[in-house]
Structure formats: structure tokens, C-alpha cells
Amino acid sequence: MLPIVDEAIEDYAYAHTRPETDDLQALAERTVREMPDAQMLTGRVEGRLLKLMSALVQPRFVLEVGTFTGYSALSLAEGAPEDAKIVTCEIDPAAQAVAQAAFDASPFGHKIEIRMGPALETIARLEQAIDLAFIDADKEHYPEYYEAILARTRRGGVLVLDNMLWSGKVVAPDDGISRTLAALNGTIAADRRVENVLLTVRDGIQLVRKL
């Protein structure tokens with residue numbers, strides 16, 4: 001992921017965002033130390049945004065597509081009500097092991113359940129309406145995730161899609177993933193079922209509310 005915001009501005013935003021909890025800081029350090037794709041870590045600014053979104057929405061049921069090491073799920077759980085449930089989808093056993101250890105050590109981890117296997121299959125089996133969803137997984141399936149999740153989201157529910165600027169490549173897409181994400185940005189902006197704003201936070205966040 002190439003930076004799309006000036007590094008000094010990124011550093012300023014980081015320094016002027018409320019710090020994450022000690023357990024999240026420890027998880028971030030472990031992720032950097034042990035995981036080969038540590039750049040996928042959500043990090044402080046986006047993580048605190050997810051926590052704040054969860055606190056504002058007060059969801060009873062949260063769906064996450066793409067657990068990685070659990071930083072984003074814990075951020076969502078921190079802001080959610082005590083009786084909320086967060087289902088997070090993952091396919092990598094190594095990431096699952098790190099995430100589950102982090103959940104077990106956190107005061108918010110009891111809200112989270114990891115479901116292994118293809119996310120679209122997990123979504124198809126959901127029985128509860130979704131209040132809040134965070135999509136941060138294989139980009140080629142983002143359009144399918146968007147449609148499947150939107151169909152199961154309550155009116156007024158919120159979807160958050162990560163990496164929607166794709167290092168700026170969506171401006172002049174010249175590969176499969178950037179074309180997929182650029183097309184989805186267009187779909188969301190024109191979708192009369194939702195309202196949205198595309199934020200230049202980290203690698204781009206689509207913030208979507210179902211009407």
C-alpha cells in the first residue's frame with residue numbers, strides 16, 4: 001500500500017488522535033514482529049475511527065470481512081454495547097491464531113467470534129440483521145461483499161469499506177483490482193439505496209449508510 005496522504009500530515013493525524021488501548025498497542029507490535037503482511041494492520045487512526053463509528057451506531061450485530069490479526073475487530077468491539085456480537089470472517093489460520101490470542105487477552109474479546117471459511121458462505125448463513133459492517137479482505141470480491149452485506153443490513157445500518165482509493169490507483173485504474181474498486185466506487189455513489197462519503201483516511205474508506 002503506497003501512501004496517498006503526505007507523510008507529515010499522516011504523522012500529525014496520528015499524534016492528534018486519541019491513543020488506542022494498551023492491548024491494541026501490544027497487538028500492533030506483535031503483528032509487525034510476526035506477520036509478513038504487517039502493512040495490512042488497521043492502525044491507530046482508522047482503528048479509532050472504527051471504534052467511534054461503533055460507539056455512534058451502537059450495533060447489536062457487527063459483521064467484519066477480513067480479520068487479519070484482530071485489531072479492527074477489537075476496535076469495533078470496544079465501541080459496541082456490552083451485549084453486542086461481532087462475527088469476523090477469516091481464511092488464514094496463522095492470522096486466526098494471533099487474533100484469537102488477542103481476543104482472549106482483551107476485555108472486549110468476548111463479543112467476537114471468528115468464523116473460518118469463505119466470507120460469502122458465512123454471510124449467506126447469517127440470521128441476524130447487520131447493524132454495522134467492515135469490509136477489508138480480498139478486493140476482487142468487494143462488489144459481491146457489498147451486495148450480499150447490504151441486502152442483510154437494516155435500514156440505517158452502516159457499511160465501512162477499506163482500501164477504496166487503492167494507493168490512488170482508482171483515479172486512473174490500469175489493473176484488475178483498481179478497476180474493480182473504481183467501478184464499485186461509482187456503483188456506491190450512484191446507488192439510490194444508500195448515502196455515502198468517500199474519505200481520504202489511510203488508503204481510502206467508503207462510509208455508507210443504508211436508507
Side-chain angles (χ1 to χ4, degrees), residues 20-21 23-24 27 31 35 37 40-43 46-164 184 193-194 205-210:
E20 65 271 52
T21 59
D23 58 326
L24 279 177
L27 175 57
T31 301
M35 301 300 289
D37 296 317
M40 292 166 49
L41 183 72
T42 302
E46 188 173 356
R48 294 298 83 190
L49 176 62
L50 291 175
K51 186 262 183 181
L52 185 58
M53 286 300 306
S54 189
L56 291 170
V57 174
Q58 286 292 285
R60 300 297 173 186
F61 185 72
V62 179
L63 176 71
E64 177 181 57
V65 179
T67 312
F68 192 43
T69 57
Y71 189 105
S72 51
L74 280 173
S75 299
L76 291 162
E78 183 182 348
E82 179 60 26
D83 61 350
K85 180 174 183 178
I86 292 96
V87 167
T88 181
C89 305
E90 185 53 59
I91 58 172
D92 179 5
Q96 177 200 22
V98 176
Q100 190 61 61
F103 299 160
D104 292 342
S106 169
F108 309 109
H110 65 281
K111 304 177 189 179
I112 308 169
E113 176 190 348
I114 303 174
R115 294 192 187 174
M116 297 296 288
L120 288 170
E121 294 180 9
T122 296
I123 295 166
R125 293 192 296 266
L126 293 178
E127 296 181 355
Q128 278 182 273
I130 298 167
D131 299 304
L132 176 62
F134 180 52
I135 305 172
D136 185 16
D138 48 323
K139 311 311 169 192
E140 61 270 22
H141 288 121
Y142 264 36
E144 292 95 329
Y145 295 146
Y146 174 72
E147 291 296 340
I149 291 170
L150 187 64
R152 291 165 176 79
T153 299
R154 66 164 173 84
R155 252 182 106 179
V158 174
L159 287 72
V160 182
L161 296 86
D162 198 13
N163 302 115
M164 294 301 289
L184 182 55
R193 299 170 295 175
V194 304
I205 293 175
Q206 273 280 12
L207 186 58
V208 181
R209 177 176 176 268
K210 185 173 181 178

For a side chain to side chain contact (heavy atoms under 4.5 Å, CB included) check, start with the C-alpha distance between Val208 and Val160, then their side-chain angles and the critical distance, and finish with the verdict.
CA-CA 6 Å; Val208 181; Val160 182; over 6 Å; no

Working to the nearest 0.5 angstrom, can you tell me the gap between Lys210 NZ and Ile149 CD1?
11.5 Å

Name all residues meeting the side-chain contact (heavy atoms from CB on, under 4.5 Å) criterion together with Ala119; count only those two or more places apart in sequence or in a different chain, and write none if there are none.
Val65, Cys89, Tyr145

Heavy atoms of Pro59 and Ala84 approach each other most closely as O-CB, 3.3 Å

Is there side-chain contact between Ile205 and Met164, with at least one heavy-atom pair below 4.5 Å?
no

Please check if the side chain of Arg152 supplies one atom and the backbone of Gln128 the other of a donor-acceptor pair under 3.5 Å.
no

Count the heavy atoms belonging to other residues, nucleotides or ligands that lie under 6.0 Å from CD1 of Ile91, then report whether that count exceeds 12.
no

Evaluate side chain to side chain contact (heavy atoms under 4.5 Å, CB included) for Leu150 paired with Val194, printing each intermediate quantity in order.
CA-CA 9 Å; Leu150 187 64; Val194 304; 3.7 Å; yes

Got a donor-acceptor contact below 3.5 angstrom from the Ser106 side chain to the Ala102 backbone?
no

Does Val62 reach the side chain of Phe134, with side-chain heavy atoms less than 4.5 Å apart?
no

Quick one: do Val158 and Leu207 satisfy side chain to side chain contact (heavy atoms under 4.5 Å, CB included)? Show the steps, please.
CA-CA 7 Å; Val158 174; Leu207 186 58; 3.8 Å; yes

Shortest non-hydrogen pair, Pro107 vs Asp23, comes out as CD-OD2, 4.1 Å

Does Arg209 have any salt bridge (charged side-chain N to carboxylate O under 4.0 Å, His left out) partners at least two apart in sequence or in another chain, and if so, which?
Glu195

Please find the pair of heavy atoms, one from Leu132 and one from Ile130, that lie closest to each other, and give the distance.
O-CG2, 3.5 Å

Nearest 0.5 Å, please: how far is CG in Leu41 from CG in Leu24?
9.0 Å

Sequence-distant partners of Lys139, side-chain contact (heavy atoms from CB on, under 4.5 Å), two or more places apart:
Asp136, Tyr142, Asn163, Trp166, Ile177, Leu181

Contacts of Glu144 that satisfy side-chain contact (heavy atoms from CB on, under 4.5 Å) - sequence neighbours left out
Leu120, His141

Tell me, which pairs form a salt bridge (Lys or Arg N to Asp or Glu O under 4.0 Å) where one or both residues lie in residues 153-163, sequence neighbours left out?
Asp131-Arg154

Tell me which pairs pass salt bridge (Lys or Arg N to Asp or Glu O under 4.0 Å) where either residue lies in residues 75-90, with sequence neighbours left out.
Arg48-Glu78, Arg60-Asp83, Lys85-Glu113

Quick one: CG on Leu63 to CG on Leu126, what's the gap to the nearest 0.5 Å?
6.0 Å

Keeping the roles fixed (side chain from Gln58, backbone from Ala55), state whether a donor-acceptor pair exists under 3.5 Å.
yes

Between Lys111 (side chain) and Ala77 (backbone), is there a donor-acceptor pair under 3.5 Å?
yes

My understanding is that only residues two or more places apart in sequence, or in another chain, count here; which of them pass side chain to side chain donor-acceptor pair (under 3.5 Å) with Glu64?
Ser72, Thr88

For Met116 and Thr67: C-alpha separation, side-chain torsions, deciding distance, then whether side chain to side chain contact (heavy atoms under 4.5 Å, CB included) applies.
CA-CA 10 Å; Met116 297 296 288; Thr67 312; over 6 Å; no

Can you tell if the side chain of Phe108 reaches within under 4.5 Å of the side chain of Leu76, non-hydrogen atoms only?
no

Would you check if there is a donor-acceptor pair between the side chains of Glu20 and Tyr71 at a distance under 3.5 Å?
yes

What residues, two or more places apart in sequence or in another chain, satisfy side chain to side chain donor-acceptor pair (under 3.5 Å) together with Ser75?
none

Taking atom CD of Glu147 and atom CD1 of Ile123, what is their separation to the nearest 0.5 Å?
11.5 Å

Who are the side-chain contact (heavy atoms from CB on, under 4.5 Å) partners of Met35, not counting sequence neighbours?
Thr31, Phe68, Thr69, Ala95, Val98

For Thr122, all residues meeting side chain to side chain donor-acceptor pair (under 3.5 Å), sequence neighbours excluded:
none

Supply the atom-to-atom distance Ile112 CD1 to Leu74 CG, rounded to the nearest 0.5 angstrom.
4.0 Å

Distance only, no hydrogens: is a donor on one side chain within 3.5 Å (strictly under) of an acceptor on the other, for Asp92 and Gln96?
no

